[in-house]
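Inspection log for the structure reproduced underneath, given as structure tokens.
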Amino acid sequence: MRTLALIVAAGSGLRVGGERPKQYQLLNGRPVLCRTVEAFLHHPKVDEVRVVIAKDHGERYAQALAEYPLPPPIFGGKTRQQSVLLGLEALEKEGVLGSETMVLIHDGARPFVSSGLVTRLLEALCSHTVVIPALPVVETVVLAEGQGVASLLERERVKRLQTPQGFLGSDLLRAHRRAREEGVSFSDDGSLAHWFGLSVHLCPGEESNVKLTTPHDFQAHDPAPPRFPVVGQGFDVHAFTEGDHVTICGVRIPHTKALLGHSDADVALHALTDAILGTLGEGDIGVHFPPTDPQWKGAPSDIFLRHALSLLQGRGGVLAHADITLVAEGPKFSPHLEAMKARLSDLLSLEKHHIAIKATTSEGLGFVGRGEGIVAFATATCYL
Ligand code: MG
């Protein structure tokens, strides 16, 4: 008994979007068709795998499947039915389609077919001539007529048919030739075999054995690579000088002094910028914006923060949480905390409940206690 797998991958497959047919689109970094072919190549009971492709996909096919030990592809036709027929005729011509041959016909865009399903089909083919995997329907099903209901269907008797579909010998080829003569078309080989009069045996299919059809199918089965959390910390101090306000978290706060600095001396944004750079291992704010560079004189510090965020984004990261602690004897921050949070929420594109701003004094101790400046600590939690 010889087992052949005929994979039908001749469709234009453009419903999923993009210029590349779906069977050649990447799924977890590899063309869909590679994964489909592997499922059969790796199965111990499958002797030969043949792929039916579109005439103008020769180059794509050669590129995608270069590493696999496969005979040359067979060129298909305009419809799936024509492609299967051309595939079977090619096998017959090569003399490999005998009465003892088990043929599995499979959609190229069903890459998740399991080894267990293939085994079940081959076992069932020992006692049936046609075996089709079928799944139950969970929704209520009716026969529609336009927008109306023509009749109700018994859900228990309605099944969804999948591939691979198994056939013994060359019965399917005869059925296909008859269908060609009579000009009838079917969406799969099981229905065509039933129409021809072959007895079709249903075996349990698998929900995971989906046919990738829409962009959603690709997204659902190609999850983004896992992210991991990284926490960065930042610290900054600015001394007071003469003036009438300070800028903290981008908010102007009236005060009897100002903060001394090359930029606007926003100590909180500097600490937060360093925290974000910390998650990336990208040095600190002074490396990216040297204080010796006159272009940053008096600059609003959100420039620095935006730069750190763009580096984070460039690495595929996202900021999940920012936590800032200010230490100062004055000004009083509490009346401004909401405005500071709102400003940060805008700058960071982060919900307010993922932003913490706390203020404390140093109980009169040290340089902060003597009212000589403001300290800011920050942590940034990012997912990379
Ligand atoms: Mg600073």
Side-chain angles (χ1 to χ4, degrees), residues 231-280 282-309 319 321-348 350-382:
V231 177
Q233 62 152 350
F235 168 82
D236 198 24
V237 183
H238 279 260
F240 282 128
T241 183
E242 286 182 6
D244 60 1
H245 74 279
V246 295
T247 303
I248 306 289
C249 295
V251 174
R252 183 187 167 104
I253 299 173
H255 191 45
T256 53
K257 298 166 187 171
L259 287 174
L260 187 63
H262 187 62
S263 62
D264 66 0
D266 191 328
V267 67
L269 290 195
H270 294 182
L272 184 56
T273 302
D274 271 356
I276 294 170
L277 291 172
T279 65
L280 300 169
E282 285 280 357
D284 64 15
I285 197 168
V287 173
H288 296 268
F289 302 94
T292 48
D293 188 336
Q295 67 169 310
W296 311 122
K297 189 160 171 54
S301 295
D302 59 76
I303 293 174
F304 312 143
L305 188 63
R306 287 181 209 276
H307 176 72
L309 287 169
L319 178 68
H321 192 86
D323 189 359
I324 295 171
T325 300
L326 295 160
V327 193
E329 296 297 326
K332 209 169 171 43
F333 293 113
S334 53
H336 307 283
L337 286 180
E338 269 313 304
M340 288 155 70
K341 232 183 197 195
R343 179 71 185 131
L344 276 187
S345 176
D346 275 356
L347 280 172
L348 305 172
L350 208 55
E351 297 288 336
K352 283 186 194 168
H353 59 267
H354 288 306
I355 298 168
I357 306 172
K358 290 114 50 204
T360 184
T361 69
S362 72
E363 301 288 343
L365 299 172
F367 69 90
V368 171
R370 294 190 296 272
E372 294 170 10
I374 300 181
V375 169
F377 298 92
T379 57
T381 304
C382 299

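Between the H245 side chain and the H255 main chain, no donor and acceptor come within less than 3.5 Å of each other. A donor-acceptor pair under 3.5 Å links the side-chain atoms of S362 to the main chain of G369, judged by distance alone. Using modelled atom types, no side-chain atom of D274 and backbone atom of L277 make a donor-acceptor pair closer than 3.5 Å. Checked by atom type and distance alone, the side chain of T361 never pairs as donor or acceptor with a backbone atom of E329 at under 3.5 Å.
In this structure, the side chains of L269 and F304 stay at 4.5 Å or more apart for every pair of heavy atoms. A heavy-atom distance below 4.5 Å is not found between the side chains of M340 and I324. With contacts defined as side-chain heavy-atom distances shorter than 4.5 Å, the pair I374/L259 qualifies. A heavy-atom distance below 4.5 Å is not found between the side chains of L260 and F240. Between I276 and T273 there is no side-chain heavy-atom pair separated by less than 4.5 Å. Two residues are said to be in side-chain contact when any heavy atoms from C-beta on lie closer than 4.5 Å; Q295 and P290 fail this criterion.
For E338, there are no salt bridge (Lys or Arg N to Asp or Glu O under 4.0 Å) partners at least two apart in sequence or on another chain. Checked against side chain to side chain donor-acceptor pair (under 3.5 Å), K358 has the following partners two or more places apart in sequence or in another chain: D323, T325.
Scanning both residues, A322 and L272, for their nearest heavy atoms gives CB-CD1, 3.8 Å. Contact record, H238 with A265: ND1-CB, 3.6 Å, taken as the closest heavy-atom pair. Scanning all heavy atoms of the two residues, the minimum distance from A275 to A378 falls at CB-O, 3.8 Å. Residues L344 and C249 share a closest heavy-atom pair of CD1-SG, 4.0 Å. Closest non-hydrogen pair, P254 versus H336, comes out as CD-CE1, 4.2 Å. For the pair I357 and K341, the tightest heavy-atom approach, listed with the atom from each and the gap, is CD1-N, 3.6 Å.
Of the candidates H270, H262, H307, H307 is the only one forming a ring pair (Phe, Tyr, Trp, His ring centres under 6.0 Å) with F289. When each of L347, L309, D264 is paired with D302, the side chain to side chain contact (heavy atoms under 4.5 Å, CB included) condition holds for L347 and for no other. Checked options L348, T381, I355; the residue passing with L319 is L348 (criterion: side chain to side chain contact (heavy atoms under 4.5 Å, CB included)).
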Exercise. What do the steps show when you test K257 against V246 for side chain to side chain contact (heavy atoms under 4.5 Å, CB included), and what is the final call?
Worked result: CA-CA 7 Å; K257 298 166 187 171; V246 295; 5.9 Å; no
Problem set entry | V368/V237 under side chain to side chain contact (heavy atoms under 4.5 Å, CB included): CA gap, chis, key distance, verdict | CA-CA 10 Å; V368 171; V237 183; over 6 Å; no
For this session: Dump the intermediate steps for side chain to side chain contact (heavy atoms under 4.5 Å, CB included) on R306 and I303, then the final yes or no.
Result: CA-CA 5 Å; R306 287 181 209 276; I303 293 174; 6.0 Å; no
Problem set entry | Worked verdict on F367 versus V375 for side chain to side chain contact (heavy atoms under 4.5 Å, CB included) | CA-CA 10 Å; F367 69 90; V375 169; 3.6 Å; yes
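Within the model, atoms NZ of K352 and CG of D346 stand 8.5 Å from one another, a figure rounded to the nearest 0.5 Å. To the nearest 0.5 Å, the span separating NZ on K297 from OG on S263 amounts to 10.0 Å.
Around the CD atom of E372, the shell of radius 6.0 Å holds more than 12 heavy atoms that belong to other residues, nucleotides or ligands.
Between F235 and F377, the two ring planes are tilted [angle within 30° to 60°].
With 3.5 Å as the limit, one finds no donor-acceptor pair spanning the side chains of D266 and T247.
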